[in-house]
Amino acid sequence: MSPKLGLAALALLALGAALVPGGAQSSAAAAPVSFRMVEWDILPLTATKTRPGKVTFVVRNAGRLEHEFVVMKTSSPAGSLAAAGATKAPEQGVLGEIEEIPAGTTKRLTLALPAGHFSLICNLPRHYGQGQFVDFYVRP
């Protein structure tokens, strides 16, 4: 298991234990999930959401370069969206994005997500190819 996938899986486990007794979750409010972007990674800081509904991505750019945060519904692992050496990944299945996140800033994006697999990537030229992506899951 890759370190990125391991972090995401650990976050999912933590969510199941920490949200609400009995595993139930209110769908009324957007569930916040936090990520830290650095060169060349997207690191989950909080547990990820396990149920469909509104999710607010709280994204802090802790790197030195500007980044972007693209949310795509995909069936493929985030690391296999583009061929080796590609400058950018194809953006099929994009549900939303934060286009510019200057170094040292935090931005938010709220989306209504169905159950499934999502790829979270920075798709600025060469960023994805350097490993700036992570898998994200919403479970029914």
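Along the sequence shown, residues are numbered consecutively beginning with 1.
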| task | Might you point out which heavy atoms bring L65 and E39 nearest each other, and give the distance in Å? | result | N-OE2, 2.8 Å
| message | Students often mix this up, so state it plainly: with edges at 30° and 60°, are the rings of F136 and F35 parallel, tilted or perpendicular? | response | perpendicular
| said: Quick one: does any side-chain atom of Y128 pair with a main-chain N or O of A78 as donor and acceptor, under 3.5 Å? | reply: yes
| Sequence neighbours excluded, which residues qualify as side-chain contact (heavy atoms from CB on, under 4.5 Å) partners of I98? | V59, F69, I101, K107, L109
| Reported CD-to-CG distance for the pair E97 and N123, which is rounded to 0.5 angstrom | 8.5 Å
| said: So, using ring-ring contact (aromatic ring centres under 6.0 Å, His included) as the criterion, who are the partners of H127 when residues are at least two apart? | reply: W40, H67
| query | For I42, does its backbone N or O pair with a side-chain atom of R36 as donor and acceptor, under 3.5 Å? | reply | no
| Should V70 and L124 be counted in the same cluster of Ile, Leu, Val, Met, Phe, Trp and Tyr side chains packed under 4.5 Å apart? | no
| Side-chain donor/acceptor of Q132 to backbone N/O of V38, under 3.5 Å | yes
| Linking I/L/V/M/F/W/Y whenever any side-chain heavy atoms sit under 4.5 Å apart, do L45 and V134 land together? | no
| What are the two closest non-hydrogen atoms of G63 and A103, and how far apart are they? | O-CB, 3.3 Å
| message | Rounded to the nearest 0.5 Å, what separates atom CD in E100 from atom CD in E66? | response | 5.0 Å
| message | Test your reading of the model: is there a side-chain donor-acceptor pair from T46 to the backbone of S34, 3.5 Å cut-off? | response | yes
| message | Assigning hydrophobic clusters by single linkage (Ile, Leu, Val, Met, Phe, Trp, Tyr; side-chain heavy-atom cutoff under 4.5 Å), is L81 placed with V94? | response | yes
| note | In short, S76 meets S119 closest at the heavy-atom pair O-OG, 3.7 Å
| task | Kindly give the heavy-atom pair with the smallest separation between P140 and P52, and that separation in Å. | result | CA-CD, 3.9 Å
| field | Check: P102 and N61 side chains under 4.5 Å, non-hydrogen atoms | value | no
| field | CG-CG distance between L120 and D135, expressed to the nearest 0.5 angstrom | value | 8.0 Å
| remark: d(Q92 CD, K73 NZ) to nearest 0.5 Å is 14.5 Å
| CG on L111 to CZ on F118, rounded to 0.5 Å | 9.0 Å
